[in-house]
Amino acid sequence: MVHGPFSASQRPRTAPLRRPRLASVPVMAAPPEPDAEVAPAATLSIYKAARRIKRRASTLYNALRSVAEDAAFVAEVAALWPSLPLVANLRCGLWYAPPRAFAATCYFKSTDGHAGNWSFSTARLNLHLALLAGERGGCVIVDSTRRGKRFPDSMSKTIPIWCSVLNRAIERHRLRAIHKGGKVNNEVPSAMLNVGAENNSGSSNWDSSVHLPVWILGTEKNAIEGRIDEWTDLFESCGADIHSLAIGLQKPLRPLWISQRTRIWLNEVPELESWDFTPIILISASASDGVATQRMSSEFSWHYIPGAGDDEESWARGLTPALFWKHSYDLLDAGPNYCNQLVGDIVEKDRVYRAQRGEHSPQITAKSLMSLDGPKSNGDQASEMCTMNLDPCTSTMDAQCSNNEPQIFWIGISNLAVSSTFLDALLGVDCILNCDSTSKLPCNSTENSCLELSIVGSKDDRFSLMKNLQKAVDFASRNLIAGRKILVCCQNGEDISICVVLAIVTLLFDDNGCFDHGKSFVKRDITKLEMRKRLVFICKFAVNARPSRGNLKQVYGFLSSEKERLDADLLRHVPDHYFFKMSHQSLQPL
């Protein structure tokens with residue numbers, strides 16, 4: 001059941017919004033091929049048999065068909081509140097609607113909500129989502145999970161924690177504004193922070209408690225509630241722009257949960273204005289256990305896979321959500337026998353198209369079923385005989401899809417910008433710092449206009465970023481002194497480029513985001529809190545930032561060593577008598 005406003009009612013009801021369930025179809029085992037080698041029954045353990053059955057059920061066609069089935073449910077729920085923006089929780093949520101349907105993306109990790117490991121991540125603040133919800137009156141977030149759960153931990157605990165921390169920080173901010181005499185930063189009267197709500201600055205009406213689903217145990221709920229103040233202090237100390245949140249959110253954030261087992265009565269769907277909170281509607285796209293896993297369409301029988309969009313590297317064979325939705329009708333109509341071959345053609349045509357444009361386009365290799373289950377199935381043999389004639393122009397990743405177009409994010413007024421290397425045009429950029437080891441961008445031949453650094457992720461090389469940061473900082477310093485605008489790019493524009501900009505901003509800019517040639521860096525200590533503040537400053541503008549922990553560690557190590565080097569240079573140029581002071585008529589070292 002949906003928790004919150006969707007309580008049971010005794011009033012006359014219309015038929016609930018439920019998609020018809022198809023009757024389960026008995027599965028007929030295909031006769032083995034005469035030449036197939038059948039493993040002796042004595043050597044086939046129960047574990048191996050279960051793994052083999054799971055592999056045969058988890059085919060590419062079954063996954064795509066399951067995604068399309070769940071996407072129809074997401075579209076039905078989203079249509080109930082058409083004014084609310086649809087948001088995909090990366091990366092799984094991107095599969096459950098066409099790219100043009102998403103107004104934004106967010107990044108909430110299930111690991112932040114695992115039992116006993118609850119946390120509030122300042123590296124994934126998602127403040128753009130809160131501002132979007134405040135502007136539009138709420139939002140709808142899409143995600144899914146594998147078999148065994150109705151909701152992923154990102155929805156059942158991570159997002160509720162996030163809502164409560166932001167609500168409590170806004171409440172504290174408004175109370176401080178009232179106590180300071182009615183103004184915030186001598187700019188906005190506190191009354192303007194409460195437009196559209198009655199006494200929202202008062203603790204009695206502004207709900208900052210934790211709202212968790214009913215299936216969360218009481219002990220776990222109490223443990224989470226006991227840490228909300230600690231996480232709120234962490235949020236306030238990281239330098240986030242709480243003032244903008246307080247202006248943008250006139251009602252507190254509150255999560256609501258909807259799954260395929262939820263009953264929504266069409267004549268009782270509440271209007272957004274009737275709620276005294278800003279709804280964060282969480283849709284778990286996949287059906288949970290207890291539904292028929294074997295389905296049938298007009299032509300094909302297929303096996304339903306809950307949470308099929310998760311862990312795409314293990315099944316998608318290079319197919320992306322954008323490519324899937326561009327060719328969804330062809331892929332679903334191809335059937336299980338020809339789906340693999342068609343996906344291979346689509347991915348290869350897209351790879352060739354991007355290679356012709358100079359983009360990174362590695363060839364995709366996929367394991368055949370021979371390596372998993374011995375001999376090939378009839379479906380694989382048939383797929384090898386099928387050839388598809390595709391237009392290369394129709395297999396692109398849609399620059400095309402408004403959400404997936406590479407964007408340039410300018411970091412305030414710092415003359416620094418971040419983006420991916422998949423850019424068609426570089427407008428307003430004077431020089432390029434390319435951190436992508438797999439592709440090159442067009443740039444002038446002068447040394448100061450372009451710098452190519454071959455940086456790989458921390459999983460491939462634990463010190464690759466650290467070894468190249470000094471070159472990146474020197475290049476940025478020369479061009480910033482000359483007043484040039486710098487684009488820092490990497491393959492996805494979310495990780496390595498963000499970390500390089502973090503090192504540049506920390507070394508060369510002051511606390512207000514102004515270029516000062518590194519003077520403030522010499523005067524302050526380098527701590528994780530200082531790094532966190534500057535990362536939050538960058539994420540305020542680059543809303544797609546997702547720096548990995550390994551790369552952030554390398555940035556911190558580089559900044560610490562650079563600080564030690566500067567301190568040592570400073571000590572060598574200071575006269576010795578400055579290190580002593582007179583105390584009790586004797587000289588003592590400081």
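Throughout, residue positions are numbered sequentially from 1 according to the sequence presented.
Because its NZ or CZ atom is both nearer than 6.0 Å to the ring centre of Trp206 and within 45° of the ring axis, Arg174 counts as a cation-pi partner of that residue. The cationic group of Lys485 lies under 6.0 Å from the six-membered ring centre of Trp410 and within 45° of the ring axis, placing it in a cation-pi geometry.
Looking at heavy atoms from C-beta onward, Ile486 lies out of side-chain contact with Asp430 at the 4.5 angstrom threshold. Taking the side chain as every heavy atom from C-beta outward, Ile159 and Phe151 never approach each other to under 4.5 Å. Between Ile455 and Gln554 there is no side-chain heavy-atom pair separated by less than 4.5 Å. Side chains of Asp511 and Ser520 form no contact here, defined as non-hydrogen atoms less than 4.5 Å apart. For the pair Phe509/Leu480, a side-chain contact is recorded, criterion being any heavy-atom separation below 4.5 Å from C-beta on. Residues Phe120 and Thr158 are not in side-chain contact: their nearest non-hydrogen atoms beyond the backbone lie 4.5 Å or more apart. Side-chain atoms of Asp143 and Ser284, non-hydrogen and from C-beta on, never get closer than 4.5 Å to each other. Counting only heavy atoms from C-beta outward, the side chains of Cys539 and Val536 never approach each other to under 4.5 Å.
In this structure, Ser110 contributes its side chain and Pro152 its backbone to no donor-acceptor pair below 3.5 Å. Asp510 places a side-chain N or O within donor-acceptor distance of the main-chain N or O of Asn512, the cut-off being under 3.5 Å. In this structure, Asp350 contributes its side chain and Leu323 its backbone to no donor-acceptor pair below 3.5 Å. With hydrogens and angles ignored, the 3.5 Å screen pairs no side-chain donor or acceptor of Arg254 with any backbone N or O of Pro279. Under a 3.5 Å cut-off, the side chain of Asn117 and the backbone N or O of Thr111 do form a donor-acceptor pair. Side-chain atoms of Arg146 come within 3.5 Å of backbone N or O of Asp310 as a donor-acceptor pair. In this structure, Asn89 contributes its side chain and Phe108 its backbone to a donor-acceptor pair below 3.5 Å. Side-chain N or O atoms of Ser119 include none that pairs as donor or acceptor with a backbone N or O of Ser121 at under 3.5 Å. A donor-acceptor pair under 3.5 Å is formed between the side chain of Lys563 and the backbone N or O of Phe521. Formation of a donor-acceptor pair under 3.5 Å by the Ser464 side chain with backbone atoms of Asp461 is not found in this model.
Taking the six-membered ring for Trp and the full ring otherwise, the centers of Phe409 and Phe541 sit at least 6.0 Å from each other. Remark: aromatic rings of Trp95 and Trp315 are close, center separation under 6.0 Å.
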Taking it one step at a time, do Tyr556 and Leu559 satisfy side-chain contact (heavy atoms from CB on, under 4.5 Å)? CA-CA 5 Å; Tyr556 181 72; Leu559 294 175; 5.7 Å; no
Applying side-chain contact (heavy atoms from CB on, under 4.5 Å) to Val140 and Ile283, what does each step give before you reach the verdict? CA-CA 7 Å; Val140 180; Ile283 302 179; 3.2 Å; yes
List the steps and the verdict of side-chain contact (heavy atoms from CB on, under 4.5 Å) for Lys157 and Ile224. CA-CA 9 Å; Lys157 283 171 281 189; Ile224 291 174; 4.2 Å; yes
When you look at Ile258 and Phe73, which way does the side-chain contact (heavy atoms from CB on, under 4.5 Å) test go after all the steps? CA-CA 11 Å; Ile258 297 179; Phe73 167 72; 4.2 Å; yes
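Within the model, atoms CG of Asn468 and CD1 of Ile496 stand 9.5 Å from one another, a figure rounded to the nearest 0.5 Å. To the nearest 0.5 Å, atom OG of residue Ser477 and atom CG of residue Leu507 are 9.5 Å apart. Expressed to the nearest 0.5 Å, how far CZ of Phe558 lies from SG of Cys499 amounts to 12.5 Å. Rounding to the nearest 0.5 angstrom, the gap separating the OG1 atom in Thr506 from the CZ atom in Phe537 is 10.5 Å. To the nearest 0.5 Å, atom OH of residue Tyr96 and atom CG of residue Asp70 are 5.0 Å apart. A distance of 14.0 Å separates OG of Ser286 from NZ of Lys149, quoted to the nearest 0.5 Å.
Under the salt bridge (charged side-chain N to carboxylate O under 4.0 Å, His left out) criterion, the residue pairs touching residues 118-136 are Asp112-Arg124, with sequence neighbours excluded.
With no hydrogens or angles considered, a side-chain donor-acceptor pair links Arg532 and Thr122 at under 3.5 Å. Residues Asp474 and Gln470 bring a donor and an acceptor atom of their side chains to less than 3.5 Å of each other. Looking at Asp207 and Ser209, their side chains do bring a donor and an acceptor atom within 3.5 Å of each other. Remark: the Asn551 side chain and the Asp495 side chain contain an N/O donor-acceptor pair separated by less than 3.5 Å. At a cut-off of 3.5 Å, with distance as the only test, no side-chain donor of Ser420 or Asn492 sits close to an acceptor on the other residue. Ser561 and Arg565 form no side-chain donor-acceptor contact under 3.5 Å, judged by distance and modelled atom types alone.
Under a cut-off of 6.0 angstrom, the local environment of NZ in Lys553 is sparse, with at most 12 non-hydrogen atoms contributed by other residues, nucleotides or ligands. Heavy-atom neighbours of Arg462 CZ from other residues, nucleotides or ligands within 6.0 Å: at or below the threshold of 12.
Nearest heavy atom pair, residue Val210 against residue Ser164, reads CG2-OG, 3.5 Å. Between Cys139 and Leu84, the shortest heavy-atom contact is N-CD2, 4.2 Å.
Asp311 meets the salt bridge (Lys or Arg N to Asp or Glu O under 4.0 Å) test with no other residue; sequence neighbours excluded. Asp241 is linked by a salt bridge (Lys or Arg N to Asp or Glu O under 4.0 Å) to Lys540, counting only residues two or more places apart in sequence or in another chain.
Classification of the Trp81-Trp275 ring pair by plane angle, with boundaries at 30° and 60°, yields tilted.
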